[in-house]
Amino acid sequence: MTSPTSQEIAEAAALLRAGELVAFPTETVYGLGADAENPAALAKIFAAKGRPADHPLIIHLPGIEHLSRWARDIPGTALALADAFWPGPLTLILERTAIVPDAVTGGQSTVGLRVPDHPVALALLSAFGGGIAAPSANRYGRISPTTAGHVRDELGDRVSMVLDGGACEIGIESTILDLSRGSPVLLRPGAIGAERIAVVCGQAPALPASQQRQPAPRVSGSHSAHYAPTTPLRIVASDRLHDYLDAQQHAGLCCAVLARSRATPAGSPHRWRMMSSDPVGYAHDLYAVMRDFDAASVKLIVVEAPPGGEGWQAVADRLQRASAGSGMDADDDRL
Ligand code: TXA
Ligand code: MG
């Protein structure tokens, strides 16, 4: 695996201390990091991403023992979940302490916290010694980066240093669980599914906010324009896929296809990508494939609909958001 030297890690920690931005790999996606206690550094995150100031950031911690510095009134379920899943792809939303700058939370009384499960992220966090605020290292509304190259392409010299840890193992963003409302609410599905959370909490989390038709989403990622490639994207049921693509062909449109079970028909003009038939492999490749298709300047990305079921929830969620963000399904507000 690609890995920065200990000297590069020390340099990155020094840059963070000096109020600069450092992009780093996590097991989910690359993060754009800044000292979570330095408002001037936090402002640079919003400027580099082009992200509105009221969209809160996740703080990454070196270990569970740092939790009480950033969160108060921590419920027992939070400790049990942190114990079970940290380091790992689970972000917990908790009541914040006075130490947390308003710039991190967008003025909300809660803060998102997680300990990432990646050797480079953990080495950086321990060298830095404190909390690192880090959204995904993409421009606002775009696909999260899963390689250092994606970060450089998108942010260029807006970031002082990019630590290269190779391709991210999971490939989609962490599960976000809100524990500040009495009972757990799943704000964003991810690699840690609702069933595993329920086993630890003793109760199933409520549905993602995005499926509850809430008027004002608290998670910026639940806005429809999020997680979208620049190319329009349409999700089509497996049994309609070939007919749909034939119709596109007749209309003279060459599409990029994310297939899962249907093979390329003979003589198809479309660019066909066979995705993994299991959700873990699918998630791992999804954003990189969307980036490839964006770069290939096709007119339309056609995705064979994922199967139902808990294991596919996070992938289905990201595909729905991508199709809504593309404007193809502007009237589809199921998100
Ligand atoms: O896997 C991940 O979570 C990656 C890596 C870098 O850790 N980070 C990430 O950050 O996806 P970001 O900012 O792109 O998405 C975090 C989401 C945002 O949609 C934000 O609105 C939400 O978490 N969030 C953060 N703090 C929150 C809070 N206090 N209440 C509700 N949502 C919050
Ligand atoms: Mg993001």
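Both ligands and their constituent atoms are indexed starting at 1 by order of listing. Scope of the values below: all heavy atoms of this structure, side chains included, with no hydrogens, waters or symmetry mates.
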Checklist entry - Going through the distances and angles, do Arg240 and Asp243 end up as a salt bridge (Lys or Arg N to Asp or Glu O under 4.0 Å)? => result CA-CA 6 Å; Arg240 286 184 45 232; Asp243 286 350; over 6 Å; no
Item to check | ligand 1 versus Asp178: contacting region, heavy-atom distance under 4.0 Å | outcome: neither
Checklist entry - Would one find an N or O of Tyr30, backbone or side chain, under 3.5 Å from an N or O of ligand 1? => result no
Checklist entry - Thr110 heavy atoms, cut-off 4.0 Å: which ligand 1 atoms fall inside? => result 28 (C), 29 (N), 30 (N)
Checklist entry - Which of the numbered atoms in ligand 1 are below 4.0 angstrom from a heavy atom of Arg188? => result 2 (C), 3 (O), 9 (C), 11 (O), 15 (O), 16 (C), 17 (C)
Checklist entry - With Ala12, which residues qualify under side chain to side chain contact (heavy atoms under 4.5 Å, CB included), at least two apart? => result Val22, Leu124, Met161, Leu163
Checklist outcome for this item: Closest to atom 9 (C) of ligand 1 by heavy-atom distance, out of Pro89, Pro145, Ser136, is Ser136
Checklist entry - What part of His55, side chain, backbone, both or neither, has a heavy atom within less than 4.0 angstrom of ligand 1? => result neither
Next on the checklist: Salt bridge or not between Asp35 and Lys44? Use side-chain N to carboxylate O under 4.0 Å.
Outcome noted: no
Item to check | Nitrogen or oxygen of Glu173 less than 3.5 angstrom from that of ligand 1 | outcome: no
Checklist outcome for this item: ligand 1 atoms nearer than 4.0 angstrom to some heavy atom of His60 are 5 (C), 6 (C), 7 (O)
Next on the checklist: When you measure from the heavy atoms of Val111 to every atom of ligand 1, does any distance fall below 4.0 Å?
Outcome noted: yes
Item to check | For Thr28, the ligand 1 atoms whose distance to one of its heavy atoms is below 4.0 Å | outcome: 1 (O), 2 (C), 4 (C), 5 (C)
Checklist entry - Passes side-chain contact (heavy atoms from CB on, under 4.5 Å), Glu37 versus Trp70? Steps please. => result CA-CA 10 Å; Glu37 293 180 62; Trp70 303 93; 3.4 Å; yes
Item to check | Side chain, backbone, both or neither: the part of Arg51 lying under 4.0 Å from ligand 1 by heavy atom | outcome: side chain
Checklist entry - So do the side chains of Val257 and Glu304 get within less than 4.5 Å of each other, counting heavy atoms only? => result no
Checklist entry - Counting each atom of ligand 1 from 1 as listed, which ones have a heavy atom of Ser174 under 4.0 Å away? => result 1 (O), 2 (C), 3 (O)
Checklist entry - In terms of heavy-atom contacts, does CD of Glu195 have more than 12 from other residues, nucleotides or ligands at under 6.0 Å? => result no
Checklist entry - Given the side-chain rings of Tyr287 and His150, with only the six-membered ring counted for Trp, is the space between their centroids under 6.0 Å? => result no
Checklist entry - Touching ligand 1 at all, Arg114? Heavy atoms, strictly under 4.0 Å? => result yes
Checklist entry - Going by the order shown, which atoms of ligand 1 are within less than 4.0 Å of some heavy atom of Gly31? => result 6 (C)
Checklist entry - Between the side chains of Arg69 and Thr97, is a donor N or O closer than 3.5 angstrom to an acceptor N or O? => result no
Checklist entry - Can you tell me if CD on Gln7 sees more than 12 non-hydrogen neighbours from other groups inside 6.0 Å? => result no
Next on the checklist: For a distance under 2.8 Å, tell me if Asn138 has an N/O/S atom near the Mg ion (ligand 2).
Outcome noted: no
Checklist entry - Glu154 and salt bridge (Lys or Arg N to Asp or Glu O under 4.0 Å): which partner among Arg142, Arg139, Lys49, Arg291? => result Arg291
Checklist entry - Among Leu92, Ile58, Ile172, Val185, whose heavy atom sits nearest atom 16 (C) of ligand 1? => result Ile58
Checklist entry - Going by the salt bridge (charged side-chain N to carboxylate O under 4.0 Å, His left out) test, which pairs reach into residues 112-134, not counting sequence neighbours? => result Glu27-Arg114
Item to check | Pick from Pro25, Pro56, Ser109: the one approaching atom 33 (C) of ligand 1 most closely through a non-hydrogen atom | outcome: Pro56
Checklist entry - Any nitrogen or oxygen of Lys49, main chain or side chain, under 3.5 Å from a nitrogen or oxygen of ligand 1? => result no
